[in-house]
Amino acid sequence: DHFGVMAMGFCYPGKGKGGDLPPRPECAPLWHPRVRPLLPNLKLTLLPGAYGQRHYLGTKGISLTETVRRYRDYLPQGFFPLPHPSPRNTRWLRERPWFEAEIVPVLRDTVRALIAA
């Protein structure tokens, strides 16, 4: 009733040297404009990882860290940038304790408020 998950790509792009390959570039521009209108009550879009952030926020050339740090800039448009929830990001999280201390509580409160509405 409250959540949906939509990947940047709608197919598995395959395995690369350091993990999965990036999403295929044609998928999001083709499918996201078709799917998002089917979600008329959409209030918040979580953007875990740089691919979604670049697509929706136009953050090419801005680091994921800086985009996540500036999450408040994107909330008025209904977007919340996050690091990708991958075990490979353990180091990123360990080196940025501000994320768990400052941003995760805001995300929790934001989601609670949306569910309560």
Side-chain angles (χ1 to χ4, degrees):
D1 289 342
H2 297 286
F3 301 97
V5 176
M6 181 168 68
M8 289 308 295
F10 287 86
C11 62
Y12 179 61
K15 205 87 161 135
K17 276 202 286 193
D20 293 344
L21 293 171
R24 293 177 55 104
E26 69 273 15
C27 290
L30 176 66
W31 291 106
H32 284 224
R34 295 177 184 186
V35 173
R36 285 182 68 89
L38 300 175
L39 308 167
N41 299 320
L42 193 62
K43 304 272 190 294
L44 181 68
T45 299
L46 305 181
L47 298 173
Y51 296 114
Q53 292 167 19
R54 285 186 206 125
H55 180 78
Y56 282 100
L57 306 177
T59 56
K60 187 174 182 176
I62 302 172
S63 72
L64 179 130
T65 298
E66 186 61 25
T67 303
V68 170
R69 189 183 300 274
R70 294 177 38 207
Y71 73 95
R72 289 186 196 279
D73 295 348
Y74 308 109
L75 280 177
Q77 294 88 32
F79 295 111
F80 205 118
L82 300 165
H84 194 278
S86 164
R88 300 185 72 215
N89 285 339
T90 303
R91 181 177 173 196
W92 188 96
L93 293 166
R94 186 175 56 248
E95 292 175 355
R96 294 158 182 88
W98 51 265
F99 174 75
E100 193 167 338
E102 300 167 25
I103 296 178
V104 170
V106 174
L107 176 60
R108 284 185 185 131
D109 291 346
T110 302
V111 171
R112 279 189 192 115
L114 288 173
I115 290 173

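Since the structure is predicted, the reported quantities are computational estimates derived from the model, not experimental observations.
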Taking the side chain as every heavy atom from C-beta outward, state whether [X] and [Y] have any pair of such atoms under 4.5 Å apart.
X: Arg69; Y: Arg96; result: no
X: Ile115; Y: Arg112; result: no
X: Thr65; Y: Phe99; result: no
X: His2; Y: Val111; result: no
X: Met6; Y: Leu39; result: no
X: Leu44; Y: Phe3; result: no

Exercise: identify the closest heavy-atom pair between [X] and [Y]:
X: Val68; Y: Ile103; result: O-CD1, 3.5 Å
X: Pro13; Y: Pro22; result: CB-O, 3.2 Å
X: Ala7; Y: His32; result: O-NE2, 2.9 Å
X: Tyr51; Y: Met8; result: O-CE, 4.1 Å
X: Cys11; Y: Cys27; result: SG-SG, 4.3 Å
X: Pro85; Y: Pro48; result: CD-CB, 3.8 Å

Just to verify, what does Arg70 make a side chain to side chain contact (heavy atoms under 4.5 Å, CB included) with, not counting sequence neighbours?
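Arg70 satisfies side chain to side chain contact (heavy atoms under 4.5 Å, CB included) with Ile62, Glu66, Asp73, Tyr74 only.
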With rounding to the nearest 0.5 angstrom, report the CZ to CG distance, Arg54 to Leu64.
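Those atoms lie 8.5 Å apart.
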What's the separation between atom CG in Leu47 and atom NE2 in His55, rounded to the nearest 0.5 Å?
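Answer rounded to 0.5 Å: 9.5 Å.
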Are [Y] and [X] connected in a single hydrophobic cluster, I mean Ile/Leu/Val/Met/Phe/Trp/Tyr linked by side-chain heavy atoms less than 4.5 Å apart?
X: Val104; Y: Val106; result: yes
X: Leu93; Y: Phe80; result: yes
X: Tyr71; Y: Leu46; result: yes

Does the cation-pi check pass for Arg34 over Trp31, that is, NZ or CZ under 6.0 Å from the six-membered ring centre and within 45° of its axis?
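Yes, cation above the ring, under 6.0 Å and within 45°.
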Under the salt bridge (charged side-chain N to carboxylate O under 4.0 Å, His left out) rule, collect the residues that match up with Lys15, sequence neighbours excluded.
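Only Asp20 meet the salt bridge (charged side-chain N to carboxylate O under 4.0 Å, His left out) criterion with Lys15.
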Mind checking whether Trp98 and Trp92 have parallel, tilted or perpendicular rings, split at 30° and 60°?
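Aromatic pair Trp98/Trp92 classed perpendicular.
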Quick one: does any side-chain atom of Gln53 pair with a main-chain N or O of Leu82 as donor and acceptor, under 3.5 Å?
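Here the side-chain-to-backbone pair exists.
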